[in-house]
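The figures that follow rest on heavy atoms only: side chains count, while hydrogens, waters and symmetry mates do not. What you see is a predicted model; the values in this text were computed from it and never measured. Every number for a ligand or one of its atoms is a count from 1 in the order of the listing.
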Amino acid sequence: MRLLRKIGPMLRGDVRPWALVTGAGSGIGLATARGLAASGYRIVAVDRDGQALAAASLPAGCLPVQHDIADVAVDLWSLIDESVAVEVLVNNVGVMAGRSFTELPVAEAARVLHTNIVGTWAVSRAVVDRMLARGTTGSVVFNLSLHSSRVRMSPDYSASKAALLMLMREMAVELAPRGIRVNAVSPGAIDTGHGPAVDGDRHRAAVDAMIPARRLGTPQDVARVITWLCSPEAAYVTGADIPVDGGLFHYNWLHHLYGDAATERDRHQSDSPG
Ligand SMILES: NC(=O)c1ccc[n+]([C@@H]2O[C@H](COP(=O)([O-])OP(=O)(O)OC[C@H]3O[C@@H](n4cnc5c(N)ncnc54)[C@H](O)[C@@H]3O)[C@@H](O)[C@H]2O)c1
C-alpha cells in the first residue's frame, strides 16, 4: 500500500522553503536531500521504495512520500499537503535495464524511457505549475550523466539522459523570464556503495586509474554541486549542465592506448610527433 503522508498544521509554523528530491531513499538522492537540508531547506523525499525511505537517515522535518514517478496518472499533489510550497525540485531518478540494443526487449526499453523521461516530465510539470501559480522564483536541477553524450552500451539509459538534457534546456529558456532556473549535473563514476563502479577491487582500481582525479566520486560530491545550483550564488546560472566527474569526460582513446601524461611525454621523446 502506498505510504501517504499528509502533513498538518504543525509544520506550517516552520518557515524554511521546501525542496522536493526524487529517488531520495538512497545514493545521490539521499545525499542531495541531506545537503539541501543543511543549507536550510525542508525536504519532500519521494521514492518508490518505502523500505528505503524508512531505513534512510532522512533530515529532520523531512516529508517522506512513497511514489513511483512512472505512475504519471497519480496526481503528485494528492500525496502532498496543499501547504507545501516547493521552491526547489531535484529530478534525480534514473533507471537502466543494463542490456544492449539487440538484447533489450522493446517493452523493457519503453519502461525505462517512460520512467526516466515521462515520469520526470510529469513531476516537473506538477511542481513547476505550482511555482508559476504562486508567482515565486524557483530552481530545478536534473541529475543526468556523462552518458547523455557518451555511449553507455545501455541505449535505453543514454537515450533517456540525452532526451532529459534537451528537456532541461527547453525548460531553462521557457522559464527563465518567469524566475525559474533549470540546470543539470552530470556525474561520472560515483561510489554509492552498489553498482558497477565498485564491483570488486580490481575493477575499482581500473576505474580509479581512468579518472584524472584518480578516485571515484562520492554522492556528496554531486550533492554539493546540486545544492550550489539551487543557491542564490547561482542566481545567473540557467540551462547549464555541469559535469561532476573528476575529469572523466575527457578520458579518451589516447589515454587508453598510451597511458598517462608522463608515459606520453616519454613516448614523444623517442618518437616522431604524431
Ligand atoms: N551512481 C553513479 O555512478 C551515477 C553516475 C551518473 C549518473 N547517475 C544518476 O544519478 C541518479 C541517482 O543514481 P544513484 O546511483 O544514486 O541511484 P540509487 O540506485 O542509489 O538510488 C536511486 C533511488 O531512486 C529510487 N527510484 C528508482 N526508480 C524510481 C521511481 N520510478 N520512482 C521513484 N523512485 C525511484 C530508488 O528506489 C532508489 O532509492 C540517477 O539518475 C543516475 O542515472 C548516477
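At a 3.5 angstrom cut-off on N or O pairs, I28 counts as close to ligand 1. Considering backbone and side-chain atoms alike, G29 places every N or O at 3.5 Å or more from each N or O of ligand 1. Here's the thing with V95: none of its N/O atoms is less than 3.5 angstrom from an N/O atom of ligand 1. For ligand 1, none of its N or O atoms has an N or O atom of S145 under 3.5 Å away. For a threshold of 3.5 Å applied to N or O pairs, the pair formed by V46 and ligand 1 contains no separation below that value. Looking at ligand 1, you'll find an N or O of N143 within less than 3.5 Å of one of its N or O atoms.
Within a 6.0 Å radius of CD in Q220, more than 12 heavy atoms belonging to other residues, nucleotides or ligands are found. Environment of CD in Q51: sparse, with no more than 12 heavy atoms of neighbouring residues, nucleotides or ligands closer than 6.0 Å.
Residue D49 approaches ligand 1 through these ligand atoms, each under 4.0 Å from one of its heavy atoms: 37 (O). Here is the list of ligand 1 atoms found below 4.0 Å of a heavy atom in T115: 31 (N). Near D68, meaning under 4.0 Å from any of its heavy atoms, are these atoms of ligand 1: 30 (C), 31 (N), 32 (N). Listed by atom number, the atoms of ligand 1 under 4.0 Å from K161 heavy atoms are 40 (C), 41 (O), 42 (C), 43 (O). For ligand 1, the atoms sitting less than 4.0 Å from at least one non-hydrogen atom of G94 are 40 (C), 41 (O), numbered in the order shown with element in parentheses. Against a heavy-atom cut-off of under 4.0 Å, G27 is close to the following atoms of ligand 1: 16 (O), 20 (O). For ligand 1 and T192, the ligand atoms under 4.0 Å from any heavy atom of the residue are 1 (N), 15 (O), 16 (O).
Salt-bridge annotation for D191 and R204: present, with a side-chain N of the basic residue lying under 4.0 Å from a carboxylate O of the acidic one. The pair D245-R150 fails the salt-bridge criterion, with no side-chain N (NZ, NE, NH1 or NH2) lying under 4.0 Å from an Asp/Glu carboxylate O. Ionic pairing of R130 and E82 is present here: one or more N-O contacts between side-chain nitrogen and carboxylate oxygen are shorter than 4.0 angstrom.
Here N183 contributes atom CG and T238 contributes atom OG1; the two are 5.0 Å apart, rounded to the nearest 0.5 Å.
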Given the rule in the side chain to side chain contact (heavy atoms under 4.5 Å, CB included) test, do D156 and E108 qualify, once you have shown the distances and angles that lead to the verdict? CA-CA 9 Å; D156 52 328; E108 186 67 359; over 6 Å; no
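The residue T22 has no part lying near ligand 1, judged by heavy-atom distances below 4.0 Å.
Taking a 4.0 Å cut-off on heavy atoms, L144 registers as neighbouring ligand 1. Proximity of H67 to ligand 1 is established by a heavy-atom distance of less than 4.0 Å. No heavy atom of S186 sits closer than 4.0 Å to any atom of ligand 1.
You'll find the side chain of V140 stays beyond 4.5 Å of the side chain of V127, heavy atoms only.
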